[in-house]
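To keep things clear, I will list the structure first and then write my remarks on it.
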Amino acid sequence: ASGEDLALKGALRVAGKINRALKTGYSDIGAKVFGPAPAFISRLNNKYRFKVMICAQNNRRMRELITRLLVDFKRDRQNRRISVVADVNSMDF
């Protein structure tokens, strides 16, 4: 698979995990999830970039969810060639 395919599949996994969490243990957050979509700069240093945007209050519960997702994503071996970054209050639409 190409680097772009790997990045897109990783972004789809992230979006899926966020949506599942928001329907189950984190249903009190009331967030909306958009994406994945190519990032504004879709390729940088030969790495493909996609974004998943979450519109929600920046509170303790939301930060807990993001932290959990980042840790779980990193532990999953199928994501070993993919990195995920959380950007709070991003202006990169």
Side-chain angles (χ1 to χ4, degrees):
S2 73
E4 188 174 17
D5 288 342
L6 288 172
L8 177 57
K9 286 177 183 172
L12 287 165
R13 284 194 299 274
V14 167
K17 285 177 186 275
I18 294 166
N19 280 312
R20 280 190 297 281
L22 290 171
K23 287 179 182 147
T24 57
Y26 290 89
S27 59
D28 58 300
I29 291 177
K32 291 199 183 303
V33 180
F34 301 94
F40 181 68
I41 299 173
S42 62
R43 189 171 173 191
L44 184 65
N45 297 327
N46 266 342
K47 294 181 181 174
Y48 291 91
R49 299 161 21 117
F50 287 86
K51 65 180 176 185
V52 175
M53 189 165 65
I54 307 165
C55 292
Q57 291 290 319
N58 180 4
N59 56 30
R60 184 185 60 77
R61 286 283 288 159
M62 191 65 217
R63 290 189 300 273
E64 177 185 306
L65 169 59
I66 297 301
T67 300
R68 229 175 237 196
L69 287 167
L70 290 173
V71 169
D72 288 349
F73 191 85
K74 190 74 173 160
R75 283 185 184 148
D76 190 336
R77 287 192 41 76
Q78 70 179 331
N79 301 324
R80 68 183 178 274
R81 294 179 53 203
I82 302 168
S83 57
V84 175
V85 176
D87 184 4
V88 178
N89 295 328
S90 174
M91 293 312 219
D92 178 18
F93 298 102

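Hydrogens, waters and symmetry mates play no part in the numbers below; they use all other heavy atoms, side chains included. In this chain, residues are counted from 1 in sequence order. Note that this is a predicted model, so its numbers are computed, not measured.
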Working for side chain to side chain contact (heavy atoms under 4.5 Å, CB included), residues V52 and V33 = CA-CA 7 Å; V52 175; V33 180; 3.8 Å; yes

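With contacts defined as side-chain heavy-atom distances shorter than 4.5 Å, the pair R13/I82 qualifies. Using a 4.5 Å cut-off on side-chain heavy atoms (C-beta onward), N58 and R63 make contact. In this structure, F50 and E4 have side chains that are in contact, with non-hydrogen atoms separated by less than 4.5 Å. At least one side-chain heavy atom of I54 sits under 4.5 Å from a side-chain heavy atom of I66. Looking at L22 and L65, their side chains come closer than 4.5 Å, going by heavy atoms from C-beta outward.
A pairwise comparison of heavy atoms in L70 and A86 identifies CD1-CB, 4.0 Å as the closest pair. Shortest non-hydrogen contact noted between A56 and M62 is CB-SD, 3.7 Å.
Remark: the backbone N or O of K47 is not paired with any side-chain donor or acceptor of N45 at under 3.5 angstrom. Without hydrogens or angle criteria, R75 side chain to D72 main chain gives no donor-acceptor distance under 3.5 Å.
Heavy-atom contacts from other residues, nucleotides or ligands closer than 6.0 Å to CZ of R81 number 12 or fewer.
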What pairs of donor and acceptor atoms, side-chain ones from residues 35-43 against any protein atom, are under 3.5 angstrom apart with sequence neighbours left out?
residue, atom, partner, partner atom, Å
R43, NH1, Y48, OH, 3.4
R43, NH2, N46, OD1, 2.6

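I18 and M53 fall into different hydrophobic clusters, where Ile, Leu, Val, Met, Phe, Trp and Tyr are joined by side-chain heavy atoms under 4.5 Å apart, directly or via other members.
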